[in-house]
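The chains referred to below are lettered A, B, ... by the order of the sequence lines, with proteins before strands, and numbering in each begins at 1.
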Amino acid sequence: MKIVICAKEVRDPDAVDNYVLHGRLEIGPDGKTLTQTSIPRLMNAYDEQAIEAALRLRDKGLQCTIHAVSIGADPSNILRHAAALGADEIVHIAVDAESIDGSVTAALLAGYIRSIGGADLVLCGRQASDDDQGVVPALLSETLGMPIITVARAVELVQSDPATVRVTRVTPNGDELVEATCPAVVTISNELGTPRYPITARTMKARRMKPTVLSVEQLGLQPDHIRPLVTLTRQFVSTVQGHCEFISGNGPAELAQGLVGRLREARVLN
Amino acid sequence: MSNAIVICTWERDHEGVPAGTAEVLTLARKLSGAQGLQLNWLILGPMPAGAAALAGQHGVANIEWIDDGGLASFQPDTCTEALAQYAAQHSPAALLLAQTFDARLIAPRVAARVGAGVVMNAVDLSVDGGTLTMTTAAYGGNTRAVYALTNARSCVIGVLADGLSAEPAPAPTSPTTQRISVDVSGVQERVRVVERADLQGPRLQDAQIIVAGGRGLGSKENFRLVEELAAALGGMAGASRPIVDDGWTDSSHQVGLTGKITRPALYIAAGISGASQHMVGCAAAKTLVAINRDPDAAIFRYARYGIVGDCLEILPELVRAAKAR
């Protein structure tokens, strides 16, 4: 079985959060790019969980090759991380990730998946933690004509011929159990749980691995296919209006009584 | 063809007009005014009670109604196909959806089928030099990313309705209802439901009072302090994502961008730092109370009332104070 993982390199969202909290996030002269080089680049955490989902299938005895693919100027660090975790093939599609949108990303990923003769299972993170758009997996499923199951907490294969994937989805009304015949696209959520750490021997080996680099032309795509339909024009820090009234008091009991009293006065509590 | 601004809704579980519809109508009206285009409301499946009155209040020109038996309940492949056929026939300049769990799945698929752009997490829409411009929440709500529609004539837009307010139109309308037909008879749902989601009891997103805990609780055992205060106030317990990831409680309690979006009357955040990711899920609370040891914690920027202190000491005292009359 062939499993493709789509992985994106993102700026560490916790570092961005921290800079915003201290009012120090810098946006470059183009008005949209976060320029601080001190913000680490890492694999989108949901995509790491997508790799984990694939590795759990392998742990259960599934014979599979895992292909990790990423788009960008140089995502080789995250691809080596994917290899260290257990990806057999690592693939770099060389396109400037900052200038494309979800539709172009989906076209490039579909081009890659077709170039390797298709995939049985495509696993993606539910969204990227930078733009939070979360549209690529569904666009990709449409381009490839595959069914899509979103926001998975658990993925298993219940039948081998035809291969059938069974997924526990996290919905607003609780967990839902669904299945689809492969090939299928599944998006993974944080409820899957913490991904494993790579073992040292694999990390050492992965360090020497070179990603296969593919260009737009090699994927058989025309310039038309890589024209973004939406373009990021500007980015700015959201502002919050603070007007917090701090409750004063001597010790926890007094503070608590003060708060409850205040909430009753304001008729928030009875 | 109409090239209207269209908002689309469908009912789920006979809930009436879906939550967020009035807010999305308000934003859609702003856009239709800016572009000089008609505002239409597309309803898939059963007509929810009160739709006509709400449409009139919000200046809708036409209610477009696809009353196909295949749309009686929400099914993703059927819904996608119906919307794609509608969009192909009517070429709306923008198709707006309140960003529910289901809409997140449908919006990009419809866009892919008709070659439209797609943008999610929209909080504002405008027209800049004739170009449709969409302001979205990015980096878990830390930044706003502004997108322009560049190489497409129409865009499917998911709107974060919870941060928006609903305002009726200055001049109400008397919308006509126009039936639209699509053919979804050939659609086979490819994802089979083995076990339905069947949440017993109340849902966090409907709760009027929520007490939520975060890492400041220190350990899994202390989550019961949050549950005790929630019980004492007749509310429900919520949680930040880090403690759900760590297994202190299950994900049905998770509040935030990737959890539940709540809008209670009272939200008490105990030991929660106030990461934007979390605030997306509770910023719409009418009154937000923060309890945190760190006076500089981001949560206090959002809070109406604050206590600087250890939530492990404060929470039991709050239970006592709530029970005392």
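The two residues B:Ala324 and A:Arg264 have their closest heavy-atom pair at O-NH1, 3.4 Å. Minimum interatomic distance between A:Val230 and B:Met134 (heavy atoms only, all atoms of both residues): CG1-CE, 4.2 Å. Contact detail for B:Arg104 and A:Gln127: the closest heavy-atom pair is NH2-OE1, 4.1 Å. Closest approach of A:Arg169 to B:Leu105, counting heavy atoms only: NH2-CD2, 4.3 Å. A:Leu21 and B:Arg301 make their closest contact through CD1-NH2, 4.1 Å (heavy atoms, listed as atom of the first residue, atom of the second, distance). In this structure, B:Ile314 and A:Ala256 approach most closely via the heavy-atom pair O-CB, 4.3 Å.
Interface check for chain A: of the options B:Arg241, B:Arg196, B:Met279, B:Glu313, the most heavy-atom pairs under 4.5 Å are formed by B:Arg241. Of all the listed residues (A:Asp101, A:Thr143, A:Leu34, A:Thr187), the one sharing the greatest number of non-hydrogen pairs under 4.5 Å with chain B is A:Leu34. Taking B:Gly309, B:Gly140, B:Gly274 one by one and counting their heavy-atom pairs under 4.5 Å with chain A, the maximum is reached by B:Gly140. Comparing A:Thr231, A:Val237, A:Asp131 by heavy-atom pairs within less than 4.5 Å of chain B, the highest count is held by A:Thr231. Heavy-atom pairs under 4.5 Å with chain B were tallied for A:Val167, A:Val170, A:Thr194; the largest tally goes to A:Val170. In terms of heavy-atom pairs under 4.5 Å with chain B, the best-connected choice from A:Thr233, A:Ile247, A:Asp175, A:Asp17 is A:Asp17. For the set B:Asp246, B:Asn142, B:Val193, the count of heavy-atom pairs under 4.5 angstrom toward chain A peaks at B:Asn142. Comparing A:Gly174, A:Ala138, A:Pro172, A:Ser103 by heavy-atom pairs within less than 4.5 Å of chain B, the highest count is held by A:Pro172. Considering only heavy-atom pairs separated by less than 4.5 Å from chain A, the leading option among B:Arg144, B:Gln254, B:Arg113 is B:Arg144. Of all the listed residues (B:Leu149, B:Thr100, B:Val191), the one sharing the greatest number of non-hydrogen pairs under 4.5 Å with chain A is B:Val191.
In this structure, CZ in A:Arg227 is found 8.5 Å from OG1 in B:Thr150, a value given to the nearest 0.5 Å. To the nearest 0.5 angstrom, B:Thr80 atom OG1 is 6.5 Å from A:Glu142 atom CD. In this structure, B:Thr136 OG1 and A:Gln235 CD are separated by 8.0 Å, a value rounded to the nearest 0.5 Å. Here B:Glu195 contributes atom CD and A:Glu176 contributes atom CD; the two are 10.0 Å apart, rounded to the nearest 0.5 Å. With rounding to the nearest 0.5 Å, the separation of CZ in B:Arg190 from CD in A:Glu179 is 15.0 Å. Rounded to the nearest 0.5 Å, atoms CD1 (B:Ile307) and CG (A:Leu255) are 5.0 Å apart.
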* Derivation and outcome, side chain to side chain contact (heavy atoms under 4.5 Å, CB included), residues B:Leu266 and A:Leu269 -> CA-CA 8 Å; B:Leu266 174 62; A:Leu269 283 180; 3.8 Å; yes

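Contact of A:Val165 with chain B is not made at all, since no heavy-atom distance falls under 4.5 Å. Only the side chain of B:Val289 has a heavy atom closer than 4.5 Å to any heavy atom of chain A. Residue contact with chain B, scored on non-hydrogen atoms closer than 4.5 Å, is absent for A:Ala106. Neither the backbone nor the side chain of B:Leu315 comes within contact range of chain A; no heavy atoms are under 4.5 Å apart. Neither the backbone nor the side chain of A:Tyr19 has a heavy atom closer than 4.5 Å to any heavy atom of chain B. Only the side chain of B:Thr135 has a heavy atom closer than 4.5 Å to any heavy atom of chain A. Only the backbone of B:Ala137 has a heavy atom closer than 4.5 Å to any heavy atom of chain A. Neither the backbone nor the side chain of B:Ala107 comes within contact range of chain A, judged by heavy atoms closer than 4.5 Å. For B:Asp198, the part lying near chain A is the backbone, with the side chain staying farther off; criterion is any non-hydrogen pair under 4.5 Å. Proximity to chain B (any heavy atom under 4.5 Å) is shown, for A:Thr181, by both the backbone and the side chain. Both the backbone and the side chain of A:Arg11 come within contact range of chain B, each with at least one heavy atom under 4.5 Å from a heavy atom of that chain. Interface residue A:Val135: backbone and side-chain heavy atoms are both found under 4.5 Å from chain B. Both the backbone and the side chain of A:Ile148 come within less than 4.5 Å of a heavy atom of chain B. With a threshold of 4.5 angstrom between heavy atoms, A:Asn190 approaches chain B through its backbone and through its side chain. Interface residue B:Gln205: only side-chain heavy atoms are found under 4.5 Å from chain A. Within the 4.5 angstrom heavy-atom criterion, no atom of A:Glu254 approaches chain B. For a residue to count as touching a neighbouring chain, one of its non-hydrogen atoms must lie under 4.5 Å from one of that chain's; by this rule B:Ile261 does not touch chain A.
Neither side chain, A:Asp132 nor B:Asn121, offers a donor N or O lying under 3.5 Å from an acceptor on the other. For the residue pair A:Arg153/B:Ser251, the side-chain donor-acceptor check at 3.5 Å is satisfied.
Side-chain contact between B:Arg320 and A:Gln257: absent, with no pair of heavy atoms (C-beta onward) separated by less than 4.5 Å. The side-chain heavy atoms of B:Leu318 and A:Val260, taken from C-beta on, include a pair separated by under 4.5 Å. Residues B:Tyr147 and A:Leu229 fail the side-chain proximity criterion, which asks for heavy atoms closer than 4.5 Å. A 4.5 Å side-chain heavy-atom check between B:Tyr139 and A:Asp130 finds at least one atom pair inside the cut-off. Counting only heavy atoms from C-beta outward, the side chains of A:Arg262 and B:Thr287 never approach each other to under 4.5 Å. Between A:Leu139 and B:Val118, the closest side-chain pair of non-hydrogen atoms falls below 4.5 Å. Here the side chains of A:Val178 and B:Arg192 are not in contact, with every heavy-atom distance at 4.5 Å or above. Side-chain contact between B:Arg203 and A:Asn173 is present, with heavy atoms from C-beta onward closer than 4.5 Å.
Around the CG atom of A:Asn250, the shell of radius 6.0 Å holds no more than 12 heavy atoms that belong to other residues, nucleotides or ligands. Atom CZ of A:Arg196 is surrounded by more than 12 heavy atoms from other residues, nucleotides or ligands within 6.0 Å.
Here the options are B:Tyr302, B:Tyr305, B:Phe300, the test is side chain to side chain contact (heavy atoms under 4.5 Å, CB included), and the partner is A:Cys244; only B:Phe300 passes.
Between the side chain of B:Arg109 and the main chain of A:Ser141, no donor-acceptor pair closer than 3.5 Å is present.
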